[in-house]
Asker: 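The structure's right below; bear with me while I get my questions together.
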Amino acid sequence: MSSKRTEFDALAAESQNVCLRTTPLPEYSVSQPSPGLAITSSSPTLSESLRTDAEHGILPDAQLKLRRKGQKSMSRRSGQNGTVVIAGKWYRVRWRMDVESQEERINMNEKVAPVVFDKSGNPKPPSIDVLRKAREIVEKSGANSEDRFNRVVLGETTFRDQAKTYLRWVQTRDREPIKDTSSIEAALNKWILPEIGDVPLGNVHNITVKPLVDKMKRSLSARTVNKYVEYVEQIVASLKDGRTGEPIHPRKWDTSVMDLPVVNPKRQRRPALRLDAINTLVLNSEGNEQALYVLLAATGMRISEVLALEAKHFVNDGRTIQVCQQVDRDRPRIVPYVKTDAGFREVDLCTVVGEYLRAFTSGKDGLLFQTRNGTPYLHNNLEQRWLTPRVQAMQIDEKGMGFHAFRRFRKTWLRGERCQEDINNFWMGHQPETMSELYSRMEFELDRRLEEAEKIGVGFTVPSVEIASIAPSAPRNGQELELELVG
């Protein structure tokens, strides 16, 4: 056995040093051409044959594979159970931990249980329960965790860190920047980060996201779950290679593996106010509240856009509204942007609505809807004070019912009255999708839009001008903040 081992070592040595030899190849002499080759005494040795193959690019089987030294890898670790020792009156477990910015692991120890003595006063060996508790302590520390190893030793970015980078990037990029990321931040803080925030970005994939999906499905709608998973996918893809610009962690996301719920449009919560409900809300309210309902139902504007309206935004004798700003989602301040680029638009009104709003805006300067301190309202506050109590009294309240129900009413009315589709999309601020919509330039067709607005109307009963002229009383706002214009 030893002779075979010696021969194997010799072969390996020959194979490793073969490239360093410069002796000429031995010559073969053939005694006859048929069918086999007769090799003379000048035939090469086994080591010389190995050298010949190597010089022709064929690696010999006996070549040893050498591991790179100094490179840490979790796959080469068998895992630690910890060593239980007796220190004073305690069983303590010792193990080693990786730390950031340090090559060597540090020694750790922790108390496990009090020492048990025998009748002679000698300490007993640790029991099975003590050994089990020791292993649990080591596991809990993360010494055997691949995620922690990747994060601490390899310095891999966590999902939480990349999420912060992603939010900064989408707000400052030149191509389609997202000015308002509050909805993304809310989804991250409440649902996503508590579940996968500390997971290394390279370990975020279909299997690790599935528990998050299962948790969200118990409380959120199918559309919301799918949207939040889109945030996860975008954050993982946002870490790019600086040389090629390609994602460092490319993923093939599989909805079936994650078990994402199917979005059924018929089951989505999209409550819309009907015509009789609009009439009831308008006729039973007054002042600012009534004007707000008229504006929402007659224009289809978003609530954040309506609450940011100023008297100067009404042009063409009050029949056209310029939409160019909105109220921030979470703070009572005006921001100089809207939800999408298509949101920068003009909304045209029929004559009767224009007269009502001219009377309402007469003598006003600055914001039409503002608190006693001149700050804009937050739509959630107005919804709780005005809209929700009324729809509850009308017994039409349902989950998802809010100011956006006015926007659905207006869209339904426009389509029911066969409004020109280009004008319809322009007023609603919807992004163009087809080439015909891209070619259409309704921003220059004011006369055509005013004519269409007069023909389509609004459907509900608009209050008289005298009612709009009555000075409204604004509700109190608990927080009195100064108006802030964000540049």
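Sequential numbering from 1 along the given sequence is applied to the chain's residues. Excluded from the calculations below are hydrogen atoms, water molecules and symmetry mates; all remaining heavy atoms, backbone and side chain alike, are included. It should be emphasised that the depicted structure is a prediction, and the values quoted were computed from it without experimental measurement.
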Asker: What do you reckon, is CZ of R274 surrounded by more than 12 foreign heavy atoms closer than 6.0 Å?
Answerer: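 Not more than 12 within 6.0 Å, no.
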Asker: Do T388 and Q384 pair up side chain to side chain, a donor and an acceptor below 3.5 Å, judged on atom types alone?
Answerer: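 No, because no side-chain N or O of T388 sits under 3.5 Å from a partner of the opposite role on Q384.
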Asker: Do you see a donor-acceptor pair shorter than 3.5 Å between the side chains of Q325 and E305?
Answerer: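 No pair is found: no donor N or O on one side chain lies under 3.5 Å from an acceptor on the other.
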Asker: Could you list the residues that satisfy salt bridge (Lys or Arg N to Asp or Glu O under 4.0 Å) with R329, not counting sequence neighbours?
Answerer: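 Salt bridge (Lys or Arg N to Asp or Glu O under 4.0 Å) check on R329 returns nothing, list empty.
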Asker: Using atom types as modelled and distance alone, determine if a side-chain donor or acceptor of K210 lies under 3.5 Å from a backbone N or O of H205.
Answerer: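 Not confirmed, K210 side chain does not pair with H205 backbone.
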Asker: Evaluate the ring planes of Y293 and F406, with Trp represented by its six-membered ring, and classify them as parallel (under 30°), tilted (30 to 60°) or perpendicular (over 60°).
Answerer: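 Geometry flag for F406 against Y293: parallel rings.
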Asker: Please find the pair of heavy atoms, one from A297 and one from F460, that lie closest to each other, and give the distance.
Answerer: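 Residues A297 and F460, closest heavy atoms: CB-CE2, 3.5 Å.
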Asker: Any chance you could lay out the side chain to side chain donor-acceptor pair (under 3.5 Å) test for N424 and K411, step after step, and finish with the verdict?
Answerer: CA-CA 8 Å; N424 185 335; K411 184 68 176 181; 2.8 Å; yes
Asker: Please name the pair of heavy atoms, one in F444 and one in R449, separated by the smallest distance, quoted to 0.1 Å.
Answerer: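 Here F444 and R449 meet closest at N-NH1, 4.4 Å.
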Asker: Decide whether N109 and R92 meet the rule of one side-chain donor and one side-chain acceptor closer than 3.5 Å.
Answerer: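 The criterion, which ignores hydrogens and geometry beyond distance, is satisfied for R92 and N109.
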Asker: Hey, does the side chain of E437 reach the backbone of E433 with a donor-acceptor pair shorter than 3.5 angstrom?
Answerer: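 Yes; judged by distance alone, with no hydrogens or angles, the pair exists.
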Asker: So for atom CZ, which belongs to R418, do other residues, nucleotides or ligands contribute more than 12 heavy atoms lying within a distance under 6.0 Å?
Answerer: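 12 or below, so no.
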Asker: Got S238 and Q162 here, is their nearest side-chain heavy-atom distance under 4.5 Å?
Answerer: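 Yes, their side chains come closer than 4.5 Å.
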Asker: Just wondering, more than 12 heavy atoms not from R415 lying within 6.0 Å of its CZ?
Answerer: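 Check fails, neighbour count at 12 or below.
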Asker: Quick one: do the D348 and T320 side chains pair a donor with an acceptor below 3.5 Å?
Answerer: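 Yes, because at least one side-chain N or O of D348 sits under 3.5 Å from a partner of the opposite role on T320.
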Asker: Does L438 have more than 12 heavy atoms from other residues, nucleotides or ligands lying within 6.0 Å of its CG?
Answerer: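 Atom CG in L438 is packed in, count exceeds 12.
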Asker: Between E110 and R94, does a salt bridge (charged side-chain N to carboxylate O under 4.0 Å, His left out) hold up when you go through it step by step?
Answerer: CA-CA 7 Å; E110 188 173 328; R94 294 177 178 174; over 6 Å; no
Asker: Tell me the closest heavy-atom pair linking R448 and M442, and the distance in Å.
Answerer: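 So the two residues come closest at CD-CE, 4.1 Å.
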Asker: Do you know the tightest heavy-atom contact between S182 and D330?
Answerer: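 Closest heavy-atom pair between S182 and D330: CB-OD2, 3.2 Å.
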Asker: Evaluate the ring planes of F409 and W413, with Trp represented by its six-membered ring, and classify them as parallel (under 30°), tilted (30 to 60°) or perpendicular (over 60°).
Answerer: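 If you compare the ring of F409 with that of W413, the planes turn out parallel.
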Asker: Would you say that more than 12 heavy atoms from the other residues, nucleotides or ligands in this model lie under 6.0 Å from the CZ of R96, or not?
Answerer: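 Atom CZ in R96 is not packed in, count stays at 12 or less.
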Asker: Does a sphere of radius 6.0 Å around CD in E417 hold more than 12 heavy atoms from other residues, nucleotides or ligands, not counting ones at 6.0 Å or beyond?
Answerer: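 Yes, the 6.0 Å shell around CD holds more than 12 heavy atoms from other groups.
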Asker: Looking only at the side chains, is there a donor atom on one of W95 and T83 sitting less than 3.5 Å from an acceptor on the other?
Answerer: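 Short answer, no.
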